[in-house]
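Working notes, beginning with the structure itself.
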2 protein chains.
Amino acid sequence: MSPHTSPEHGKEGGAVCPMDYILRMLMGPWTTYIVYNLRTFGPQRFGELKRRVGGISAKMLTERLRTLEGAGLVRRDYEPTIPPKVTYSLTHRAHELDEVLDKLAQVARRWQAEDAAARTLKAAE
Amino acid sequence: MSPHTSPEHGKEGGAVCPMDYILRMLMGPWTTYIVYNLRTFGPQRFGELKRRVGGISAKMLTERLRTLEGAGLVRRDYEPTIPPKVTYSLTHRAHELDEVLDKLAQVARRWQAEDAAARTLKAAE
DNA sequence: CCGGTTGGTTACGATTTGGTACCTACTGGA
DNA sequence: TCCAGTAGGTACCAAATCGTAACCAACCGG
């Protein structure tokens, strides 16, 4: 079995993790930064997003956005002007994750603070 | 910049996503299954876990468990009996994610149901 | 003394991944 | 006239990833 395909072990004893799909989505490289930027700064154009994420290649950004679009988390608005103008925004479905993501970020910040404190303590020894 | 290292762009304009650290942890291959099994069936021995996750190689399981241990999410209890007995369990810190994971699973199940309904609708057309 | 058990480790190798460089087509500015 | 910017697409290539298979240590039962 390939590693990233969902096991789909129908009758195998193992239990299937229901949130696997969502985590698989959020987990792709750069994805958290993209979603975080869209959540923080609102709808943005391709170049703007690329500049803001900082370090991502156009190829990667395109691929990630396409995947997110396919998952129904991102909407792509294409205006065929010259030069073209493409705006990306989070869908209603993506915003269903707001509460979860906020809680997650809260925990993350607490852990970061704790770890920083622990490191300071150890450094002082 | 390597893709999976956190950007750490100190002064670059991009905002750092605080939950990146946690997602980076939960996102590794197989990790969700491992955590899900530990959450569902409680502390388990290595072989038990391996059997239950189904399809994972010993190498991968070891590596994932070591990483989770390093992140403080999993505790490893080693009893040097012959044959050795190693039990893995979730730490207190891991259980701080319970609420978030439950909410996430809730959303995941809703989406799954919605998508299934949509597919049924489309198939009936 | 041979095989079985547990919980790994190590080497190798194929596949996947993701970055770089280069291409489009069009326009506006110097 | 030449260059820059916009939103990508494509080819190529190096590097990381992950599975497979082999091995190991220690002891116990037969």
Side-chain angles (χ1 to χ4, degrees), chain A residues 1-9 12 14 20 23-34 37-38 43-70 74-89, chain B residues 1-9 12-14 20 24-34 37-38 43-70 74-89:
Chain A
M1 181 176 55
S2 75
H4 272 197
T5 57
S6 93
E8 299 187 35
H9 34 68
E12 299 175 31
D20 183 61
L23 287 176
R24 202 176 292 285
M25 190 89 296
L26 261 38
M27 104 194 172
W30 301 102
T31 310
T32 60
Y33 300 101
I34 295 168
N37 269 288
L38 286 175
Q44 287 165 72
R45 298 185 53 184
F46 182 87
E48 201 177 347
L49 200 50
K50 179 165 172 352
R51 243 167 285 123
R52 203 127 40 189
V53 170
I56 194 172
S57 67
K59 175 188 172 185
M60 193 77 258
L61 184 53
T62 303
E63 189 260 339
R64 289 286 86 201
L65 286 170
R66 290 283 138 77
T67 305
L68 287 168
E69 195 193 353
V74 157
R75 187 178 47 218
R76 179 174 188 267
D77 293 306
Y78 176 75
E79 291 175 57
T81 55
I82 298 291
K85 186 171 177 180
V86 182
T87 307
Y88 293 94
S89 53
Chain B
M1 180 176 56
S2 77
H4 271 196
T5 56
S6 96
E8 300 185 36
H9 33 69
E12 300 175 29
D20 183 60
R24 201 176 293 284
M25 190 86 299
L26 293 174
M27 103 193 171
W30 301 102
T31 311
T32 60
Y33 300 103
I34 295 168
N37 269 288
L38 286 175
Q44 286 163 74
R45 297 184 54 182
F46 183 86
E48 200 178 346
L49 199 51
K50 179 166 172 353
R51 243 168 285 124
R52 206 135 30 198
V53 172
I56 193 172
S57 67
K59 173 189 171 184
M60 195 77 254
L61 184 53
T62 304
E63 189 260 337
R64 290 286 87 203
L65 286 170
R66 290 285 138 77
T67 306
L68 287 168
E69 194 192 353
V74 157
R75 188 179 44 218
R76 179 175 188 266
D77 292 307
Y78 176 74
E79 292 175 57
T81 57
I82 298 295
K85 186 171 174 180
V86 183
T87 307
Y88 292 95
S89 53

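Chain letters run A, B, ... following the sequence lines, proteins first, then strands; residues in each count from 1.
In this structure, R66(B) reaches the dG8(C) phosphate: one of its side-chain N or O atoms is under 4.0 Å from OP1 or OP2. The side chain of R45(B) places no N or O atom within less than 4.0 Å of a non-bridging phosphate oxygen (OP1 or OP2) of dG8(C). Between Y88(B) and dG8(C) there is a side-chain polar atom (N or O) within less than 4.0 angstrom of OP1 or OP2. Phosphate proximity of dG19(D) to W30(B): present, with a side-chain N or O under 4.0 Å from OP1 or OP2. At dG19(D), one or more side-chain N or O atoms of S57(B) fall inside 4.0 Å of OP1 or OP2 (strictly under the cut-off).
Judged by distance alone, the side chains of T87(A) and D77(A) never bring a donor and an acceptor atom under 3.5 Å apart.
Closest to the side chain of P83(B), from the set dC27(D), dT6(C), dG8(D), is dT6(C). You'll find that the side chain of V86(A) is closest to dA7(D), out of dT20(D), dA7(D), dT6(D). Considering only the side chain of F46(B), dG7(C) comes nearest among dG7(C), dG19(C), dT6(D). Distances were taken from every side-chain heavy atom of K59(B) (C-beta onward) to each of dT27(C), dT20(C), dT10(C); the shortest belongs to dT10(C). In the set dG19(C), dC27(D), dC18(D), the nucleotide with an atom closest to the side chain of P29(B) is dC18(D). Listed nucleotides: dG8(C), dA7(D), dC18(D). Nearest to the side chain of P84(A): dA7(D).
The residue T62(A) sits close only to the backbone: its heavy atoms come under 4.0 Å of sugar-phosphate atoms, none of a base. R64(B) comes within 4.0 angstrom of no nucleic acid atom, judged by non-hydrogen atoms across all strands.
If you take CD of E63(B) and P of dG7(C), they are 19 Å apart, rounded to a whole angstrom. Atom-to-atom, CD1 of I56(A) to P of dA7(D) comes out at 15 Å; the value is rounded to the nearest Å. Between the NZ atom of K50(A) and the P atom of dG8(D) there is a distance of 12 Å, rounded to whole Å. In this structure, I82(B) atom CD1 and dG29(D) atom P are separated by 13 Å, rounded to whole Å. Here dA7(D) presents its P atom at 8 Å from CZ of R51(A), a figure rounded to the nearest Å. Rounded to an integer number of Å, the gap from CG of L61(A) to P of dG19(C) is 11 Å. The nearest whole Å value for the distance from the CD atom in E79(B) to the C1' atom in dT5(C) is 16 Å. Taking atom CG of L65(A) as the reference point, atom P of dG18(C) lies 14 Å away to the nearest angstrom.
Salt bridge E63(A)/K59(A): absent, no basic N to carboxylate O contact under 4.0 Å.
Note that CH2 of W30(B) and CZ of R64(B) are 12.0 Å apart. Values are rounded to the nearest 0.5 Å. Taking NZ from K85(A) and CZ from R45(A), the interatomic distance works out to 5.5 Å, rounded to the nearest 0.5 Å.
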Give the C-alpha distance, both sets of side-chain angles, the deciding distance and a yes or no for side chain to side chain contact (heavy atoms under 4.5 Å, CB included) between T62(A) and F46(A).
-> CA-CA 9 Å; T62(A) 303; F46(A) 182 87; 3.6 Å; yes
